[in-house]
Each structure stands twice: as structure tokens, then as C-alpha cells.
Amino acid sequence: MRKYLFLKLLKKYFLFFLTFFFFTSYITSEFLKKFYFDNLKKDLKDFAFKIKGEIEKKIEKDYSKLIYELKEIDKFTNKRITIINTEGTVIVDSRGDPQFMENHKNRPEFIKAIEKGEGYSLRFSSTLRKYMLYYGYFIKEKGIVLRVSLELEHVNFFLSELKNKFSLLLSLSFFTFFLFFLPFIWISLKDVYIVENFINNLAEGKHEIKLLSLKEKGLERMIENLNKISENLTLVYNEIKLEKDLSEVIDL
């Protein structure tokens, strides 16, 4: 019986922990992804505000020098920089020739920047043929939208590596905890073993035995009832024995 209950509980708790493991993995993975992207967004915004001042100074004065500086900044930071006028026409781009670029008035980050002052977008770049995270900021005084963006190829690789490492760590933690949990299940069933022996003793006629060694909280009522059964069986047994002894005396 103890072995049967142990296997039953093992199966039950294993499925519970397995479900909990996958649920925790998914929630944590999504949390890490959101946390990482929130930091990327903040990084892009901070970067845009760092270069905003220089762009405001040179956008109308030293245009050729500005293009060169933005390309150098791009090489150093790996962040693409684009300047777009309010009509959606690209004026400067650190990675492409504006003459061959489409109008950007329908780009989500551009629309949000014009309407709300700033905006983010995660989408596929038709110019670079890569997925990019964009941040656009409307410099109203100059009538331009400053847009900075970041390729997501290395970001996805990083997130994948992070997810794999976390899953491995969580798997090891899960199986380590479960291995430590097995002895606890077995030990916790010792009271079941005591009850089983008590019932077996009752079946064998050993009614005088009590469940004195069982002191598990929450089982007091069951223990009390089993002890009463033992007492009643003992009384019945004694009465039958007494009647048998009397009948034997009368026959004599």
C-alpha cells in the first residue's frame, strides 16, 4: 500500500512540477524578452537625445559634414540614423542613399512621431532587408523626424542564447529539487504504513493494539475512530469468548 501510494503521489507531483516548470519557463522567457526590449527602446531613445543637439546645429549649416559624422557614429554604435522631413522624404541616412529610398510618411514610427512627438516600431526594413527596432523623435523646431534604429539579428541570437541557458538552469533546478522531494514523499508515507499495519493486526485478531505512535496533525479524528474500532472489536471478541467459556461450563 505504501509503495502504491508513493508511486501514485510521485506521478501526481511529477506532472504538477512538470507543468509548473513549463509554465514558469514560458512566463520567465516572455518577461526576459519584454525586459530586454524595454531596455533596447530606452537605449535607442537615450541615443537619439545624445545626437539630437549636433543634428539641430548642423542640419542647415554643414550638411556634408553632418552626413559624414552620422556614418561614423553608425559604425561605432551599430545604430542606423535617419533624418526625415515632415513630408516623409528621407534627407539623410547613415546606411543608404536617400535618392533611392521610398517615402517614409506611412512608416509607423514616423506617424507616431509626428502625432505624439515620438514613436517606436518593430518591423522589416525594405532598404536593409532586415528586421529593425525603430525610434522616431519629432524635432518640431527644425521640421524633421530624427529616427534611430537597431538590427535585431544579434538581439534574437542573444535572446535565444539567454533562453537556452535559463532553460538549462531551470531544468537542473527542477530535477535537483524533485530528487530531494522523493525522500520527503517516502518519509511522509510512514504514517500510512503504520495505519496499514494496524488494520492488518485487526484482521489477524490483535485488537488490543492502539495507534499511539501516530501523531500526525489533521489525522486525529481518523486515529480516534480506528482506536474505537479496535476497542469495540476487543469488546465483541471478549463477549464471544465469555459466551463460549460459559457454554462450555454449562455443557460440563
Side-chain angles (χ1 to χ4, degrees), residues 27-166:
I27 294 296
T28 307
S29 176
E30 290 300 308
F31 172 78
L32 288 173
K33 187 176 180 180
K34 184 180 183 304
F35 177 79
Y36 190 67
F37 270 102
D38 285 345
N39 276 279
L40 285 180
K41 287 179 179 180
K42 184 179 182 302
D43 181 56
L44 280 179
K45 183 174 181 177
D46 292 343
F47 175 70
F49 275 83
K50 282 181 182 178
I51 63 174
K52 183 173 79 77
E54 284 299 310
I55 290 173
E56 286 176 324
K57 291 177 185 176
K58 298 178 181 177
I59 188 67
E60 295 172 354
K61 295 179 180 180
D62 198 345
Y63 193 70
S64 59
K65 189 175 181 181
L66 175 61
I67 295 174
Y68 173 79
E69 287 183 1
L70 294 185
K71 287 183 180 291
E72 288 300 307
I73 293 172
D74 187 338
K75 289 179 183 179
F76 182 74
T77 62
N78 199 32
K79 291 182 177 70
R80 181 185 176 192
I81 306 164
T82 310
I83 299 174
I84 313 163
N85 66 20
T86 53
E87 301 299 319
T89 303
V90 177
I91 302 171
V92 179
D93 188 85
S94 61
R95 297 189 188 180
D97 189 341
Q99 296 180 35
F100 302 103
M101 296 176 70
E102 299 175 356
N103 189 283
H104 281 38
K105 65 180 180 181
N106 293 322
R107 302 292 197 270
E109 68 280 358
F110 175 82
I111 295 171
K112 291 175 185 176
I114 294 294
E115 292 178 351
K116 300 179 180 180
E118 63 177 359
Y120 292 96
S121 176
L122 176 62
R123 58 181 177 78
F124 187 76
S125 170
S126 56
T127 304
L128 300 179
R129 313 301 299 174
K130 295 178 180 179
Y131 279 96
M132 308 282 289
L133 177 64
Y134 296 93
Y135 171 74
Y137 179 76
F138 185 30
I139 305 177
K140 196 171 184 179
E141 297 79 10
K142 298 294 180 178
I144 58 171
V145 171
L146 167 61
R147 188 186 71 177
V148 293
S149 54
L150 182 68
E151 293 179 20
L152 292 184
E153 286 185 356
H154 71 283
V155 174
N156 289 332
F157 175 77
F158 173 79
L159 286 174
S160 178
E161 287 292 304
L162 186 64
K163 184 178 178 181
N164 290 337
K165 288 179 181 178
F166 174 77

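This structure is a prediction, so every number in the text was calculated from the model and none was measured. Side chains are part of it too, since the values below use all heavy atoms of this structure and drop only hydrogens, waters and symmetry mates.
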| Residues Lys42, Asp38: salt bridge by 4.0 Å N-O rule | no
| remark: Taken to the nearest 0.5 Å, the spacing of Leu150 CG from Phe47 CZ works out to 10.0 Å
| Minimum heavy-atom separation for Leu44 to Leu133, with atom names? | CD1-O, 3.4 Å
| said: Would you compute the distance between atom NZ of Lys71 and atom CG of Asp93 and round it to the nearest 0.5 angstrom? | reply: 7.0 Å
| query | Are the side chain of Asn103 and the backbone N or O of Glu87 linked by a donor-acceptor pair below 3.5 Å? | reply | yes
| said: Distance check, rounded to the nearest 0.5 Å: Leu66 atom CG versus Ile91 atom CD1? | reply: 10.0 Å
| remark: Value for NZ (Lys75) from CG (Leu70), rounded to nearest 0.5 Å, stands at 12.5 Å
| Distance (rounded to the nearest 0.5 Å) between Ser149 OG and Tyr131 OH | 15.5 Å
| query | With distance as the sole test, does Asp97 use its side chain to make a donor-acceptor pair with the main-chain N or O of Phe100 at under 3.5 Å? | reply | no
| note | Closest non-hydrogen atoms of His104 and Ile84, given as atom of the first, atom of the second and distance, are CD2-CD1, 3.9 Å
| query | Take atom NZ in Lys105; do more than 12 heavy atoms of anything else shown fall under 6.0 Å from it? | reply | no
| query | Does Lys112 come within less than 4.0 Å of Glu109, counting only side-chain N to carboxylate O? | reply | no
| task | For Thr82 and Val90, work out which heavy atoms get closest and say how close. | result | CG2-CG1, 3.8 Å
| said: Tell me whether the NZ or CZ atom of Arg123 lies within the 45° cone about the ring axis of Tyr134 and under 6.0 Å from its centre. | reply: yes
| task | Go through the steps to decide whether Arg147 and Arg80 satisfy the test side-chain contact (heavy atoms from CB on, under 4.5 Å), and finish with yes or no. | result | CA-CA 8 Å; Arg147 188 186 71 177; Arg80 181 185 176 192; 3.7 Å; yes
| Val92 side chain near Ile55 side chain, heavy-atom distance below 4.5 Å | no
| Side chain of Thr77, backbone of Ile73: donor and acceptor closer than 3.5 Å? | yes
| said: Show the nearest heavy-atom pair for residues Glu102 and Arg107, with the distance to one decimal. | reply: OE1-NH2, 3.5 Å
| query | Quick one: CD1 on Ile139 to CD1 on Ile144, what's the gap to the nearest 0.5 Å? | reply | 4.0 Å
| query | Counting only N and O atoms by type, is there a donor-acceptor contact under 3.5 Å from the side chain of Tyr137 to the main-chain atoms of Ala48? | reply | no
| message | Does any part of the side chain of Tyr135, heavy atoms only, come nearer than 4.5 Å to the side chain of Glu118, both counted from C-beta? | response | yes
